Protein chains: 2
Amino acid sequence: MARETTEMCRSDDVGVVRDLLTKVGDKWTMLLVVTLARTPSKRARFSELQRMLEPISQRVLTTTLRDLERDGFVSREVFAEVPPRVEYELTPLGIDMLEPIERVVEWMRANWPSIEASRARFDARGAMPPR
Amino acid sequence: MARETTEMCRSDDVGVVRDLLTKVGDKWTMLLVVTLARTPSKRARFSELQRMLEPISQRVLTTTLRDLERDGFVSREVFAEVPPRVEYELTPLGIDMLEPIERVVEWMRANWPSIEASRARFDARGAMPPR
DNA sequence: CAGCATCCGCCCGGATACTG
DNA sequence: CAGTATCCGGGCGGATGCTG
């Protein structure tokens, strides 16, 4: 376990890890991946995604989708129709990524009460004059 | 597994999950936690952390530490000495959190080649005139 | 030494308008 | 329908200067 924690920030790929961690932490990426994962076919078209993610703007949906596609988590299929139709699908890599992420989310859910309590205590101290 | 992915964004605590995921994804938080985890005592003083995290500014180190303390991941101990000494320590909660995070990091390490390859392909296509 | 206060550039995410 | 093109405000992270 000490070895694992050492592994985590050992070597020069700290940048790589942070690059990916940043995506995990950004506003829409994971929500989008999960939204796709929830659909039985793991597939949806642009407008469907926009509706499902409710207040997301097209611009942000587009860029998020592009980044996901670039990383190989999502594939994009254009149908030569009119009106145009574009479908996005979770790749095996994208599906695979969900597993470790789920664990983190589960941990957060399980420990949220502790965190919330800690925040309440911290904030209570801060509001009072020192000691 | 379908149930898990459903769980991930079910219910109203999507906000909670994103709140925490954002911290995971920010520039210094995880690096700071891991840095503390790497020290045998899981303890270090402010100046030590600043050196270990190299180009971090005091301001950012301070705020990151405060957030971590507020959430209960790190504890802060002030010694009534002169010159002042303050030590930060990973709490059991903070140590516990590392496990699921490690899995994500391991996944990223293992799959980084695939991702990088995908990016290369994507960028190559983009550089060329369409088809 | 360990910080708080202040200032600031940059980029993320959103709003709006237009097009193939 | 599925984008692209612009514009823009807010917040994050960094630099600097000052204290207990």
Side-chain angles (χ1 to χ4, degrees), chain A residues 14-15 18-32 35-36 43-71 74-89 122 125-126 129-131, chain B residues 14-15 18-32 35-36 43-71 74-89 122 125-126 129-131:
Chain A
V14 185
R18 272 222 59 259
D19 173 308
L20 295 172
L21 241 30
T22 297
K23 290 166 185 296
V24 170
D26 91 350
K27 191 164 184 181
W28 295 104
T29 301
M30 290 314 301
L31 231 40
L32 176 43
T35 299
L36 272 174
R43 260 185 168 259
R45 48 194 299 183
F46 189 88
S47 53
E48 288 182 297
L49 289 171
Q50 186 164 12
R51 272 188 300 95
M52 293 192 243
L53 294 173
E54 189 44 333
I56 196 175
S57 65
Q58 325 93 316
R59 184 189 170 284
V60 172
L61 179 56
T62 301
T63 62
T64 305
L65 244 10
R66 286 295 176 276
D67 286 347
L68 249 11
E69 186 194 1
R70 190 174 107 99
D71 286 358
V74 158
S75 64
R76 176 174 182 266
E77 189 171 3
V78 183
F79 295 84
E81 302 174 2
V82 42
R85 177 166 55 111
V86 179
E87 289 187 4
Y88 293 90
E89 182 178 14
F122 185 93
R125 296 202 174 281
R131 176 116 337 262
Chain B
V14 184
R18 271 222 60 259
D19 174 307
L20 296 172
L21 240 31
T22 297
K23 290 167 184 295
V24 170
D26 89 353
K27 192 164 183 182
W28 295 104
T29 301
M30 290 315 301
L31 230 40
L32 176 43
T35 299
L36 273 174
R43 261 184 169 260
R45 48 193 301 185
F46 189 88
S47 53
E48 287 181 297
L49 289 171
Q50 186 164 13
R51 272 187 301 95
M52 294 192 241
L53 294 173
E54 189 43 331
I56 196 175
S57 65
Q58 325 92 318
R59 185 190 168 283
V60 173
L61 179 56
T62 301
T63 63
T64 305
L65 245 10
R66 286 295 176 276
D67 286 347
L68 249 11
E69 185 194 1
R70 191 175 104 100
D71 286 358
V74 158
S75 65
R76 178 173 182 266
E77 189 172 4
V78 184
F79 295 83
E81 303 174 0
V82 42
R85 176 166 55 112
V86 179
E87 289 187 2
Y88 294 89
E89 182 178 14
F122 185 93
R125 296 202 174 281
R131 176 120 333 267

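Chain letters run A, B, ... following the sequence lines, proteins first, then strands; residues in each count from 1. In this text, all values refer to a predicted model and were calculated from it rather than measured experimentally.
- Between A/T29 and A/D67, the closest side-chain pair of non-hydrogen atoms is not below 4.5 Å.
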Hey, can you pull the donor-acceptor pairs under 3.5 Å for the side chains in residues 48-61 of chain A, sequence neighbours left out?
residue, atom, partner, partner atom, Å
A/E48, OE1, A/R45, N, 2.7
A/S57, OG, A/V60, N, 3.3

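- Every residue two or more places apart in sequence or in another chain was checked for a side chain to side chain donor-acceptor pair (under 3.5 Å) with B/S75, and none qualifies.
- Take A/V86 and apply the side-chain contact (heavy atoms from CB on, under 4.5 Å) test, not counting sequence neighbours, and it matches A/R76, A/V78, A/Y88.
- Chain A approaches DNA chain C over the interval C/dG13 to C/dG20, counting the first and last nucleotide 5' to 3' with an atom under 4.0 Å from its heavy atoms.
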What does nucleotides 2-7 of chain D look like as a protein-contact string, B for base, S for sugar-phosphate only, - for none, at under 4.0 angstrom between heavy atoms? SSS-B-

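- The CD atom of B/E54 sits 11 Å away from the P atom of D/dA15 (whole-angstrom rounding).
- Rounded to whole Å, the distance from CG on B/L31 to P on D/dC12 is 19 Å.
- In the helix from C/dC1-D/dG20 to C/dG20-D/dC1, the rotation axis of the first five pairs and that of the last five pairs differ in direction by 40°, rounded to 10 degrees.
- For B/R66, there are no salt bridge (charged side-chain N to carboxylate O under 4.0 Å, His left out) partners two or more places apart in sequence or in a different chain.
- The side-chain contact (heavy atoms from CB on, under 4.5 Å) test applied to B/T63 returns no partner, not counting sequence neighbours.
- Among pairs with a residue in residues 19-30 of chain A, those fulfilling salt bridge (Lys or Arg N to Asp or Glu O under 4.0 Å) read A/D19-B/R119, A/K23-A/D71, at least two apart in sequence or across chains.
- Considering only residues two or more places apart in sequence or on other chains, B/R70 meets the salt bridge (charged side-chain N to carboxylate O under 4.0 Å, His left out) condition with A/D123.
- Take B/T22 and apply the side chain to side chain donor-acceptor pair (under 3.5 Å) test, not counting sequence neighbours, and it matches B/R18.
- The distance from atom CD1 of B/I56 to atom P of D/dC12 is 15 Å, rounded to the nearest whole Å.
- For A/V82, there are no side-chain contact (heavy atoms from CB on, under 4.5 Å) partners, not counting sequence neighbours.
- Between the P atom of D/dG11 and the NZ atom of A/K27 lies a distance of 11 Å, rounded to the nearest Å.
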